[in-house]
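Worksheet: one structure, shown below.
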Amino acid sequence: MAYDPSQIEPFWQRYWREHETFRVELEPSKPKYYVLDMFPYPSGEGLHVGHPEGYTATDILARFKRMRGFNVLHPMGWDAFGLPAEQHAIDTGTHPRETTRRNIANFRKQIESLGFSYDWSREIDTTDPDYYRWTQWIFQQLYERGLAYEAEVPVNWCPALGTVLANEEVIDGKSERGGHPVERVPMRQWMLRITAYADRLLEDLEGLDWPEPIVKMQRDWIGRSEGARVRFSVADHESAEIEVFTTRPDTLFGATYMVLAPEHELVARIASEDQRAAVAAYAEAARRRSERLRMAEKQEKTGVFTGAYALNPVNDERIPVWIADYVLAGYGTGAIMAVPGHDTRDWEFARHFDLPIVEVVSGGDVEEGAFVGEGSSVNSGFLDGLPTADAKRRMLEWLEEAGHGEAAVTYKLRDWLFSRQRYWGEPFPLAHAEDGAIELTPDVELPLELPELDDFRPSESGDTPLERAVDWMRVEDPATGRTLRRDRNTMPQWAGSCWYYLRFCDPHNTQALISPEAERYWMPVDLYVGGAEHAVLHLLYARFWHKVLYDLGVVHSPEPFQKLVNQGMILGYSYRYYDDDLADEGGPDVSRFSSREVEEDGETPRAADGRELKARWLVPPEAQRETDGSWRHAEHPEIELEEVVEKMSKSRGNVVSPDAVIAEFGADSMRLYEMFLGPLEKDAPWSVDGIQGVRRFLERVWRTLIEDSDGEEVLRELSTGSSSRDQARLAARAVQGVTDDLDAMRFNTAISKLMVYTRELAGLGPLSRECAETLVLLLAPMAPHVSEELWRRLGHEQSLAYESWPVADAALLVEATQRLAVQVNGKRRDEIEVPADADEESIRAAALASEKVQKHLQGREPRKLIVVAGRLVNIVG
RNA sequence: GCCCGGGUGGCGAAACCGGUAGACGCGGGCGACUUAAAAUCGCCUGGCCAAGAGCCGUGCAGGUUCGAAUCCUGCCCCGGGUACCA
């Protein structure tokens, strides 16, 4: 028997658990390192192969930093509230708590089987009342600071299902399950005033060690823009006034019409008699379209004239007021002044509806398209001749003097819709009085626990699941004795993940969400690793809460995550076809279609005859591969399937579990393989081609140290005394290379350097103990089980988790000579070897002395000679 | 649509700041060992042809530069996000 992970890995996992090897305490004398994974939602599908990628990366860092003397906080927990457990409860009647408990147990077992060095004594579960007690506490602080308020906000209401749907559950205006119509209807909701923190969220991005694209996405998401608010009066409607925001007040003379969002409150008031019906019909249709579709510019421009006119304040011209769904109610003021000459969407709209286009900034041709750049004002009265910047300033002065508007800043960022009409979330810690007053649940009554239910559906009357708990909903106000009603909503899943990184620092504190000592020592997070799909929302929400906690004095750093790394997504394969069974009823009449027979119409797939279709996804064995490489529906082989590569998800069925891989190759091979696949940040579809390579590497490492002697696995005899010079140089290069790569999180190249080191050691005669131990220590963060086993066999009694990381002897890294490429006119023609300290003059001479170079120069005099230190010489001639 | 990222051999990739394209691994080929196979070890493996001191080659088309996978412009394809999936 050779290397056998099925023996080694469980042994060491038990060893670490029993010895609490990775348990950490606050140790002020030691430098700390807090390395955090984005904790998972424990879904019923279990871990997929994408999870271990990020977790392996952070685990390598955690182990590496421990060996370099840091006190490492490396925790794991569960973001366990969420939609799937509740859906499952509705389908099966199983309490979400039970589903969640089972899923967590499964996730923990899978995660443990990979040998991660988590401090499990700090495990967190967001659905644990001891945890969400503090989520509720934070909400109360937000409320008391005026950062939580109630408002009427449109939601995806599905009358047939009697419930509000997540955007994901709505496809092209119909529910994903059953294809029932969905409309946007306003509902009273909790909102968090994240916009009050917009500027700080923007400014503090500055000092963070985050990938630049993520910073940019956050910046764009916040979308600060400076401009003006302008008020237009409405002709024949004394009291009506349309307020708009524009970044280009200098183009006000070019405003030839206005557009209101279909939901705008003025629409009903100002629509003229003869347009009323058309306006109502359009508004009704808009309610059925998703915001995403409405923002898509490629869509045909639609809109309806309201019959009303506004007065342009600069010239008192009557301009028509339209409604159109490209103007969104939730952004800005829900109304725009349209300047078709200088805004692309307005231009297209004006063209489509034959509205006037006026040039007010010179520099383009407004007949051909909108000119959105800067220039100088024309056709603009008192602005004429002014360059754009001055024209903006001048117009602002005029607006303020005339009382028609003022300078303003708006943000694309909207306040955060913070309530859900669901069961499986944190209850709001407050109650409502008849008169609308809100009483916070007293601190001693926290946590306010979820009521027990056995039916998790919304009620037919549109009540939320919580409203089924009649007794729970009713509460007596201890002060006045009057009866209050608890809030019928729960918090969104984001809530628990907004502050979990703080709780890991002090998970069992019953007096506070975190002690000042723990917070001062451990925070901020030094390295945060997770998927790029969280680039905006989770990270922005968590930063917002952190800043509120900063203002409350709970935390001392303005930002929670100092360094952020996004691991790439591991994608899965599925195989797509379409059918016309929109209501998911099945049966014999269903027609099926291959992709090539289907056209996309916006979000709606259609057959050649115009019939609406629905996409379906299969995975093997329902999808079968033919000998010609095509994929076919197993039951309907006439249907050719289209291969699609996407994020792994239940809806696609393309989730791949790591369990089988671990069983076959071992956890160390799995870890190494995921790291060896390519750079951590890169997306890639999952495949196990090539996992043999890292497994073979581990076997080679094993055989380098262990030999079979009469069926007994024993340590090879190691050479006595110190390493040979060649061995020492090889080891020094490996140490330097691996250390640099781990510091920069280049795990793939670190592994390749270890492969080279191992292979070349074999060619250098009897192995020295020093080289052997160096190999094991360098491998330890990446393949910890086999490394621990070899370390023990090398005669050490303690785990190597806290051994010192090897240091390279700088003197051994110096080379005596250097090889330089020699180019003639940029093409490589020869190579020369010169002393490492050769000066430029001798390098030139050596290059020109090359026969091959002379041949290619064909007698020409070199016009120019470029020497790049350590790299090459380029002779131009 | 908008925002972000990616595209290099048959495949995963490397090339870190504009300086020798393809390290390392998979797959494939040849050889050694073996009665044989597996395992292991060694060598070869971007394409083309007239086979050279040759030409071409990093999604496509251009540009900047002594020199471009890397920088710039335009385009194509793929992935992620798009505020109630997480």
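Proteins come first, then strands; the chains are lettered A, B, ... in the order of their sequence lines, and each starts at number 1. The figures that follow rest on heavy atoms only: side chains count, while hydrogens, waters and symmetry mates do not.
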### Task
Verify, without hydrogens or angle tests, whether A:N654 (side chain) and A:S649 (backbone) share a donor-acceptor contact under 3.5 angstrom.
yes

### Sugar-phosphate, base or nothing in reach of A:P685, heavy atoms under 4.0 Å
nothing

### Message
Quick check: do A:M187 and A:Q421 have side-chain heavy atoms less than 4.5 Å from each other?
### Response
yes

### Query
Touch check for A:H538, heavy atoms < 4.0 angstrom, all strands: base, sugar-phosphate only, or nothing?
nothing

### Task
Could you tell me whether the phosphate oxygens of B:rA21, OP1 or OP2, come under 4.0 Å of any side-chain nitrogen or oxygen in A:R828?
no

### Query
Across the strands shown, which category fits A:V155 at heavy-atom distances under 4.0 angstrom: base, sugar-phosphate, nothing?
base

### Nearest-Å distance once atom C1' is located in both B:rG80 and B:rC26
28 Å

### Message
Can a donor-acceptor pair be found, under 3.5 Å and without considering hydrogens, that links the side chain of A:D683 to the backbone of A:G568?
### Response
no

### Message
Please confirm whether the shortest side-chain N or O distance from A:R759 to OP1 or OP2 of B:rC24 is below 4.0 Å.
### Response
yes

### Task
Describe the nucleic acid contact of A:P213 in one word from base, sugar-phosphate, nothing, applying a heavy-atom distance below 4.0 Å.
sugar-phosphate

### N or O in side chain of A:Q823 less than 4.0 angstrom from B:rG67 OP1/OP2
no

### Query
Which base sits across from B:rG1 as a Watson-Crick or G-U pair, both distances under 3.5 Å?
B:rU82

### Task
Determine, for A:R219 against A:E212, whether the closest basic-nitrogen to carboxylate-oxygen distance falls under 4.0 angstrom.
yes

### Query
Hey, is CZ on A:R188 packed in by over 12 heavy atoms from elsewhere, all under 6.0 Å?
yes

### Task
Pick base, sugar-phosphate or nothing for A:R829, based on heavy-atom distances below 4.0 Å to the nucleic acid.
sugar-phosphate

### Task
Identify which nucleotide among B:rG80, B:rC66, B:rA53 has an atom closest to any side-chain atom of A:E851, counting heavy atoms from C-beta outward.
B:rA53

### Message
For a quick test of reading the model: is some side-chain N or O of A:N167 closer than 4.0 Å to OP1 or OP2 of B:rA83?
### Response
yes

### Query
When rounded to the nearest Å, what value does the distance between C1' atoms of B:rA21 and B:rA14 take?
9 Å

### Query
Looking for any heavy atom pair under 4.0 Å, which part of the strands does A:L872 touch: base, sugar-phosphate only, or nothing?
base

### Query
Which one is paired to B:rA32, where only Watson-Crick or G-U wobble pairs with both distances under 3.5 angstrom count?
B:rU40

### Message
If you compare every side-chain N and O of A:R345 against the phosphate oxygens of B:rG1 (OP1, OP2), does one of them come in below 4.0 Å?
### Response
no

#### Entry: Salt-bridge criterion met for A:E86 and A:R422 (N-O under 4.0 Å)
no

### Task
Mind checking A:N874 for me? I need base, sugar-phosphate or nothing, with any heavy atom below 4.0 Å counting as a touch.
base

### N or O in side chain of A:R420 less than 4.0 angstrom from B:rC84 OP1/OP2
yes

### Message
Base, sugar-phosphate or nothing for A:Q421? Non-hydrogen atoms, less than 4.0 Å.
### Response
base

### Query
Taking the same atom, C1', in B:rU8 and in B:rC24, what whole-Å distance lies between them?
16 Å

### Message
Give me the distance, rounded to whole Å, that separates B:rC75 from B:rA83 when you measure between the P atoms they each carry.
### Response
27 Å

### Query
Just checking A:S651: base, sugar-phosphate only, or nothing, at a heavy-atom cut-off of under 4.0 Å?
nothing

### Task
Between B:rG54 and B:rC76, how far apart are the C1' atoms? Round to whole Å, please.
33 Å

### Query
Taking the P atom of each, how far is B:rG6 from B:rG63, in whole Å?
25 Å

### Query
So what does A:Y41 touch, heavy atoms closer than 4.0 Å: a base, only the sugar-phosphate, or nothing?
sugar-phosphate

### Task
Verify the neighbour count for atom CD of A:E851: are there more than 12 heavy atoms of other residues, nucleotides or ligands below 6.0 Å?
no

### Task
For A:V756, answer base if it contacts any base atom (sugar-phosphate contacts may also be present), sugar-phosphate if it contacts only those atoms, and nothing otherwise; contact means non-hydrogen atoms under 4.0 Å.
sugar-phosphate

### Query
Is any side-chain N or O of A:R871 closer than 4.0 Å to OP1 or OP2 of B:rC17?
no

#### Entry: OP1 or OP2 of B:rA53 under 4.0 Å from side-chain N/O of A:K852
no

### Query
Roughly how far apart, to the nearest Å, are B:rA69 and B:rU58 at atom P?
7 Å

### Task
For nucleotides B:rC72 and B:rU65, find the distance between their C1' atoms and express it as a whole number of Å.
12 Å

### Query
Just checking A:D79: base, sugar-phosphate only, or nothing, at a heavy-atom cut-off of under 4.0 Å?
sugar-phosphate

### Query
Within less than 4.0 Å of OP1 or OP2 of B:rG27, is there a side-chain N or O belonging to A:R696?
yes

### Task
Please check the phosphate of B:rA14 (OP1 and OP2 only) for any side-chain N or O of A:N748 closer than 4.0 Å.
yes

### Task
Scan A:E169 against the nucleic acid and name what it touches under 4.0 Å (heavy atoms): base, sugar-phosphate only, or nothing.
nothing

### Task
Examine distances only and state if a side-chain atom of A:R829 and a backbone atom of A:V824 form a donor-acceptor pair shorter than 3.5 Å.
no

### Message
Please determine whether a side-chain nitrogen or oxygen atom of A:K682 lies at a distance below 4.0 Å from atom OP1 or OP2 of B:rG79.
### Response
no

### Task
Identify whether any heavy atom of A:L417 sits under 4.0 Å from a base atom; if not, whether one sits that close to sugar-phosphate; answer base, sugar-phosphate or nothing.
base

